[in-house]
Participant: 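I have a structure I would like to understand better, so I am pasting it below and will then ask my questions one at a time.
Both ligands and their constituent atoms are indexed starting at 1 by order of listing. Model, not experiment: these values are computed from the prediction. Just so it is clear, the values below take in all heavy atoms, side chains as well, and ignore hydrogens, waters and symmetry mates.
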Amino acid sequence: MTKNPNILNWLEEVKTLVKPAQVVWIDGSQEQIDQLRAEACSTGEMRKLNQEKLPDCYLHNSALNDVARVEDRTFICTRNREDAGPTNNWMDPKEAYAMAGKLFDGSYQGKTMYVIPYSMGPLDSPFSKVGIEVTDSIYVVLSMEIMTRVGTAVLEHFGDTSNDFVRGLHAKADLDAEKRYILHFPEDNTIWSVNSGYGGNVLLGKKCFALRLASYQGKNEGWMAEHMLILGIENPQGETKYVAAAFPSACGKTNLAMLIPPEVFREKGYKAWCVGDDIAWIRIGPDGRLWAINPENGFFGVAPGTNAKSNPNALATTQKGTIFTNVALNLDDNTVWWEGLDKNPPKHALNWKQEPWDGTTSTEKGAHPNSRFTAPAQNCPCISKEFQNPNGVPLSAIIFGGRRAKTAPLVYQSRDWEHGVFVGSVMASETTAAATGAVGVVRRDPMAMLPFCGYHMGDYFQHWLDMGKKLGDKAPKIFNVNWFRVDDEGHFIWPGFGDNLRVLLWILDRCEGKAGAVETAIGYEPRPEDIDLEGLDLTQETLQGLLDVDRDLWKEDAANIRAFYEKFGDRLPKELAHQLDILDANLNK
Ligand code: GTP
Ligand code: SPV
Ligand code: MN
C-alpha cells in the first residue's frame, strides 16, 4: 500500500516483535469493512443488531475488568523524568520498551496483524497529522474506521518520504489487568498499548495521539491540542459564533456539543451546530485569531443518560453504522438499552456482563456506567457545515467547566487571558466512571487535561500563557461554567442540557461587549437579569443562588489550589502564582 521506507521499516520491526500469522492493511473500502464485520460476528467479538431498527449497528462487550481508561497504568516515557512532570506517571523509555517488549513478543502468534493508516483531521488540512496503528483487534479496526479517516487515501496523501507519523502498537494480548500498560513516547512519536481492549486505551488516535502526543507536539510547534468540544451558535441574523469548551470526562462535552436550543430560542431562529465533542486542535490563523478543528471523524460517547429528551441529536447519531460497547442487549428485538434511555428496560435481556438480566426486577445495572457508542460524525443531525473545513472555525470564547456540587457558580468570566489561564489551571471536578478508580471525588483537573497532558503541566501552563501573548487583543475571552450545582437534597438546580444555551448567549454577548456583569472576587458574573430565562420555570432568586460565591468554600478551595500548585515547583509560571495571590486577596477583602 505504500513505498514509504519509514513506515515499512517500522512495520518490519513490529512484525519481528509480535510474530503474526498474517498482515492485513486496512484500505478503507466498504468490502473490507463488511468482511471484517462478518468475521467479528463469527467469532463472537461483535454481535449484529436488529438491521431494520439499527442498520449497520453492532454490539461489543469488553472484558469485565476492562471498561475504562486506566490512569494508574498510563505512562509518559521521556528520557528525563522531570519532562513528564508531577501529574503524570513516568517510566524510563529504555525500561518501558524492554518491559512491554516482553509482553508484545509473540503476542500475535496465530493472529492477524492489522495495519491501520489514519489521519487525525481532514486530509487536506494544515492542522492534520497521520498515524499508523497496528492492532490484533477487529473491534479496534472497525472503531478506528468510524473515529478517524482511514485507508489508502491517507497513505497516498502522506507520500513516500515523510517520517512525521505516530507509530501506534496495540495488542490485546491476554487482557491481564496486572500487565496492562498504556505507554507514550513523545520523543519517539510512539505509543504502545497492551492488555486492554477498551476504547480510550486502544483507539490510539484519540487520547493517546490527539491529546498526549499532540499536546507535546503542539508545545514544540506553537499550537494546542485540547480536551474540548467545538460548538457553533447561529443567531437569528444567520451569523455563527464558535466556542470551545473543556470539561473533564463524562462532564457534558458531547451533550453541550449537540445541544438543541430551548423552544423559545428555536422560534426566534437560534441554531446550534456541532463541530466536535471531545478534542480540539487549535492554531493561530492568518488573521491572528485562534482557529480550531476537530481531528476526529466520529463520536465515542457515553451511552447512559443519552435519551430523546436529554440529547436527541446524539441518540439520532447512534441509529445507524454504530458500534455499542457494554450496553444491555434486548433479546426480544435484538436492540440495545442503557440506563436513562427510557423508562422501559427490556424484560428479556443480557446485561453488559452478558448475564441474563431483567430490568424490571434486577437491582444490577443493564449497561456499564461508562458504556459507549462509537458513531460516525456525519450521522449527527446538527453536524456543522464547517466540520470538514480544513481551516477549522474561529473561536470567540473558551469555556472551562467541571462537576462541582457547591463551590463553582453557574458561570463567570475571567478578567483577561492570564486570569483565564489561572481559571483553567485550577479547574476541579468530581471524578466519573470514565476512568477506573473512585467516582465522585473532587480532584483538580487543569483544563480537563490532567489525564491527557503529554508533558510537564507547568510547561503546559506556560504554553497557554505564551499563546495569549501571541494572540494579544485577538485572544478569545475565557469563561468557567458549572451545570452541576446541587441543592440540599442533592438535586441539580440548573436544568442543564438545551438550557445551557442561555448561559452561552450571555458568554457570546460578553465577547461582543453587549451583556451586563458585576465584578466579584473570582471574576465577572452575570446579574440574574443578564441571563434570559424566558420559557423556563426558574426564578431569578434561584439563579442568584446558582451565582453565589461562598467565600468560605472559596477560601478552602484557594488553600487547596496552593497545595496543588506546590507540586509544580519552579516550573509553575509566576503569573499563575500571582493570580492565586490576587484571588486570596479578593477573598479576604
Ligand atoms: P467524555 O466522552 O468522557 O469525554 O464525556 P463528555 O464530557 O462528553 O460527557 P457527556 O456529554 O457524555 O455527559 C456525561 C454525563 O453528564 C451524562 O450522564 C449526561 O447526562 C450528564 N450531563 C451532560 N450535560 C449535563 C447538564 O447540562 N446537566 C446535567 N445535570 N447533566 C449533564
Ligand atoms: C474520556 O474519558 O474523556 C473519553 C472516553 O472521551 S476515552 O476515549 O475512553 O478517553
Ligand atoms: Mn473525553
Participant: Students should find this: residues with any non-hydrogen atom under 4.0 Å from ligand 1. What is the answer?
Facilitator: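 Lining ligand 1 at under 4.0 Å, by heavy atoms, one finds His227, Pro248, Ser249, Ala250, Cys251, Gly252, Lys253, Thr254, Asn255, Asp278, Phe300, Val302, Pro304, Arg372, Arg403, Trp483, Phe484, Phe492, Gly496, Phe497, Asn500.
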Participant: Okay, side chain of Ser193, backbone of Asn201: is any donor-acceptor separation there less than 3.5 Å?
Facilitator: yes
Participant: Enumerate the atoms of ligand 2 whose separation from the nearest heavy atom of Ala434 is less than 4.0 angstrom.
Facilitator: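 Counting from 1, the qualifying ligand atoms are 2 (O).
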Participant: Is there any N or O on Gly200 that sits under 3.5 Å from an N or O of ligand 2?
Facilitator: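 There is such a contact, yes.
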Participant: I need the atoms of ligand 2 closer than 4.0 Å to a non-hydrogen atom of Lys206, numbered in the order shown.
Facilitator: 6 (O), 8 (O)
Participant: Of all the atoms in Lys253, is at least one N, O or S atom closer to the Mn ion (ligand 3) than 2.8 Å?
Facilitator: no
Participant: How far is atom 3 (O) of ligand 2 from its nearest protein heavy atom, and which residue and atom name does that atom have?
Facilitator: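 Heavy-atom neighbour on the protein nearest atom 3 (O) of ligand 2: Ser249 OG, 2.5 Å.
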Participant: Would you say the side-chain atoms of Arg180 and Asn65 include a donor-acceptor pair closer than 3.5 Å?
Facilitator: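 Short answer, yes.
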Participant: Using the side chain to side chain donor-acceptor pair (under 3.5 Å) rule, pick out the option among Tyr139, Tyr58, Trp352 that qualifies with Thr325.
Facilitator: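 It is Tyr139; the other options fail the test.
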Participant: Is His227 near ligand 2, meaning one of its heavy atoms is under 4.0 Å from it?
Facilitator: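 Flag set, His227 near ligand 2.
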Participant: Check Val154, Thr148, Asn297, Val150 against Ser119 for a side chain to side chain contact (heavy atoms under 4.5 Å, CB included) and give me the one that passes.
Facilitator: Val154
Participant: Got an N/O contact under 3.5 Å between Lys253 and ligand 2?
Facilitator: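 Lys253 vs ligand 2: no N/O contact under 3.5 Å.
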Participant: Look only at the side chain of Asn195 and the backbone of Asp174, and say whether a donor-acceptor pair between them is shorter than 3.5 Å.
Facilitator: yes
Participant: Is Tyr198 close to ligand 2, meaning an N/O of one under 3.5 Å from an N/O of the other?
Facilitator: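 Between Tyr198 and ligand 2 (N or O atoms, distance only) the closest approach is under 3.5 Å.
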Participant: Taking Trp483 for its side chain and Phe497 for its backbone only, find out whether a donor-acceptor pair lies under 3.5 Å.
Facilitator: no
Participant: Strictly by modelled atom types, are Ser62 and Asn326 linked by a side-chain donor-acceptor pair under 3.5 Å?
Facilitator: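 Present: a donor and an acceptor within the cut-off.
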Participant: Salt bridge or not for Arg444 and Asp557, using N-O below 4.0 Å?
Facilitator: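 Counted as a salt bridge, because a side-chain N and a carboxylate O are separated by less than 4.0 Å.
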Participant: With the Mn ion (ligand 3) as the reference point, give the N/O/S atom of Asp278 that is nearest.
Facilitator: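 Result for Asp278 and the Mn ion (ligand 3): OD1.
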Participant: Any salt bridge between Glu534 and Lys268, counting N to O under 4.0 Å?
Facilitator: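 Judged by the 4.0 Å cut-off on N to carboxylate O distance, Glu534 and Lys268 do form a salt bridge.
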Participant: For Asp278, counting its heavy atoms only, list the atoms of ligand 2 lying under 4.0 Å from any of them.
Facilitator: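 Once the distances to Asp278 are compared, the set is 6 (O).
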Participant: In the protein, what heavy atom is nearest to atom 4 (C) of ligand 2, and what distance, to one decimal place, separates them?
Facilitator: Lys207 NZ, 2.8 Å
Participant: What heavy-atom pair brings Met427 and Gly401 nearest, and what distance separates the two atoms?
Facilitator: CE-O, 3.1 Å
Participant: So which heavy atom on His463 is nearest to which on Trp223, and how close?
Facilitator: NE2-O, 2.7 Å
